[in-house]
Protein chains: 2
Amino acid sequence: MSGSRQMAESTSGDQAQAPDSGPKKSGGKGLEAIYRSISAAIIEHRLKPGARLREDALAEVFGISRTGIRKVLQRLALEQLVTLTPRRGASVSRPSVDDARDVFEARLMVECALMEVAATRITEADIQELRDMAKQEREALRNLEQRSAIKLSADFHARLAEISGNRALAEFVGQLSSRSSLILAVYGNAGHLGCESHDHDNLVELLAAGDGARAKDFMERHLKSIEASLSIFDEPEETPDLRDIFAVDV
Amino acid sequence: MSGSRQMAESTSGDQAQAPDSGPKKSGGKGLEAIYRSISAAIIEHRLKPGARLREDALAEVFGISRTGIRKVLQRLALEQLVTLTPRRGASVSRPSVDDARDVFEARLMVECALMEVAATRITEADIQELRDMAKQEREALRNLEQRSAIKLSADFHARLAEISGNRALAEFVGQLSSRSSLILAVYGNAGHLGCESHDHDNLVELLAAGDGARAKDFMERHLKSIEASLSIFDEPEETPDLRDIFAVDV
DNA sequence: TGCATCCGGAGCGTATACAATACAGAGCTT
DNA sequence: AAGCTCTGTATTGTATACGCTCCGGATGCA
């Protein structure tokens, strides 16, 4: 892996203003803020899988017209965070069992490989930032702020991938991490949310020590343990067997 | 590249409809066809990097209003086939040197790993289909139809990734392949277009033999040879240093 | 009473209208 | 003569209007 540029955010002059403060004169970049707002709400499980996202309602909430909302929803749909059903509108995606397996298989493949690259390219500033993120996540967990913790965890993995210096792979990991959050919402067991509290700290220290091989192994165990913690079985089909369900009542 | 007249038809069964044959009954699926049409035009280099894509012009060509065109352009932008510059509209992306390196690095990582998976999952039907695609590509090359050959090559790699059974990774490879076509357009040497004529045939036979390890090695050499065939050097910067350039004249 | 049909509302899909802005060319100033 | 500004035009950004489809309830008929 070569290259020495750093991952510039799309347009660096990006400023996020409060969603409701400037309803009239919000510039084109306001859409980016709305995107992040909805995206965060989904990742934090404030919007649960299956929740409908009506265009009118969102338009009113964010103080713009449906046009902009549709743009945001289309982007979210391409990232598979929301599902767009014709004539029915948008709703938060409900990943299938196959989706879940695909996502974790992909993460295993890509994130593990990236650890070895990251170990050789990580800088002091990166290490400090990652330690910070891990700490925030630990504290969120301790305060039982599960919503924040899940988002921070996804951000951590995404940030980790950025260190590799490969933008294409970093974006891909970012999307996979976001989708993982949805998978947790559907198949996760309450109380035990994905990442162990100290896993990320350990990962950072391994990278700080430059030990790519062990970081890779650790990431592998980390991801496998997350996947193993899921309750992946086929959901009740769309036409549940009511006789079976209410058998006890009869 | 001057006229806007060059994107209408595509070689395969893509129907180019008369300008306004069905203004009312467009149907939501029409956008998918338009997306494929523009996407194919870009991948086949009928629209070259830097070419501007004016919304009005596209709207007129495809017989719909700008609304639908904007939707398609936004999707293409998210896939990084077109670049959307604020207030300047859309143009075919011109991948940077860094982009090129990232894309091929990602392909190397993912496609190679997928070969071992594909070798265990490939079916007779898959083998037959891949042989067919490789044959079409060979013939296109022999007939000097470079445009078709490039698209067929990208389709081949994408189809190959689908065999792994992992949708997330398959989509990712598909996007990387499309972007690779753009990279070829910018940094490729005329005459030697990426894939060697028999590489894909060899790949199929290795997979048909179930030899995942050698398929992986072959894919690695294949991708590296493509990347090596590129002329990757920094293009003149956007604000060329005129003093430097004309130093000899002074 | 049960089912089919009709009707009304709600919400999305598409087109069009209007406003804002960047580029280009011409004219003026120095 | 060269540079700067000012204005005109072309093109995108955003909002709004209208039509169409789907869902739910009410009504009529068997």
Side-chain angles (χ1 to χ4, degrees), chain A residues 10-11 13-15 17 19-35 37-38 47 50-78 82-93 238-239, chain B residues 1-5 7 17 19-35 37-38 47 50-78 82-93 238-239 242:
Chain A
S10 51
T11 49
D14 211 352
Q15 66 179 22
Q17 63 180 20
D20 53 341
S21 63
K24 59 203 76 164
K25 192 62 178 184
S26 57
K29 295 199 152 80
L31 288 190
E32 180 71 17
I34 294 174
Y35 159 78
S37 189
I38 298 180
L47 286 169
R52 294 197 51 186
L53 303 171
R54 289 195 303 104
E55 297 176 353
D56 293 347
L58 291 173
E60 191 172 5
V61 166
F62 289 104
I64 63 172
S65 79
R66 279 175 51 211
T67 310
I69 295 296
R70 289 178 63 84
K71 209 163 155 181
V72 172
L73 288 178
Q74 203 211 344
R75 175 170 171 190
L76 289 166
L78 287 174
V82 314
T83 300
L84 246 45
T85 40
R87 300 281 172 196
R88 295 276 319 264
S91 58
V92 179
S93 289
E238 44 274 48
T239 54
Chain B
M1 180 130 311
S2 45
S4 58
R5 174 68 275 274
M7 53 193 327
Q17 65 176 9
D20 56 354
S21 60
K24 60 196 71 171
K25 188 67 178 175
S26 304
K29 295 194 150 76
L31 288 190
E32 181 70 18
I34 293 174
Y35 160 77
S37 190
I38 299 180
L47 285 169
R52 294 195 50 186
L53 303 171
R54 285 187 15 254
E55 297 177 352
D56 291 347
L58 291 174
E60 191 174 4
V61 167
F62 290 105
I64 64 172
S65 81
R66 280 174 52 210
T67 309
I69 295 297
R70 288 177 67 83
K71 209 161 153 182
V72 171
L73 288 178
Q74 202 210 346
R75 174 170 171 190
L76 288 167
L78 287 174
V82 315
T83 299
L84 245 44
T85 44
R87 301 282 171 196
R88 296 273 324 258
S91 59
V92 178
S93 289
E238 43 271 54
T239 52
L242 298 178

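Only this structure's heavy atoms are used, side chains among them; waters, hydrogens and symmetry mates stay out.
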Separation of [X] atom [atom1] from [N] atom [atom2], in whole Å?
| X | N | atom1 | atom2 | answer |
| --- | --- | --- | --- | --- |
| B:Phe62 | C:dA15 | CZ | C1' | 18 Å |
| A:Gln74 | C:dT14 | CD | P | 11 Å |
| B:Lys71 | C:dC12 | NZ | P | 12 Å |
| B:Leu84 | D:dT12 | CG | C1' | 10 Å |
| A:Glu60 | D:dT16 | CD | C1' | 16 Å |
| A:Leu73 | C:dC12 | CG | C1' | 11 Å |
| B:Arg66 | C:dT16 | CZ | P | 11 Å |
| A:Arg70 | D:dT14 | CZ | C1' | 14 Å |

Between N or O atoms, less than 3.5 Å apart, protein on one side and nucleotides 7-11 of chain C on the other: list the pairs.
residue	atom	partner	partner atom	Å
C:dG11	OP1	A:Arg54	NE	3.4
C:dG11	OP1	A:Arg54	NH1	3.4

### Message
If the cut-off is 4.0 Å, is B:Ser65 near the phosphate of C:dA15, judged by side-chain N/O to OP1 or OP2?
### Response
yes
| Stepwise side-chain contact (heavy atoms from CB on, under 4.5 Å) test for A:Phe62 and A:Val72 | CA-CA 12 Å; A:Phe62 289 104; A:Val72 172; over 6 Å; no
What do the steps show when you test B:Leu58 against B:Leu73 for side-chain contact (heavy atoms from CB on, under 4.5 Å), and what is the final call?
-> CA-CA 10 Å; B:Leu58 291 174; B:Leu73 288 178; 4.2 Å; yes
If we ignore hydrogens and angles and just use 3.5 Å, is the side chain of B:Arg54 paired with the main-chain N or O of B:Gly89 as donor and acceptor?
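Not at all, since once roles are kept as given, no pair shorter than 3.5 Å links the two residues.
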Q. Between B:Thr83 and B:Ser91, does any side-chain donor sit less than 3.5 Å from a side-chain acceptor?
A.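 Checked: B:Thr83/B:Ser91 side chains show no N/O donor-acceptor pair below 3.5 Å.
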Value for CD (A:Gln74) from CZ (B:Arg70), rounded to nearest 0.5 Å, stands at 11.0 Å
Item checked: Evaluation steps, side-chain contact (heavy atoms from CB on, under 4.5 Å), between A:Ile64 and A:Leu31 -> CA-CA 9 Å; A:Ile64 63 172; A:Leu31 288 190; 3.8 Å; yes
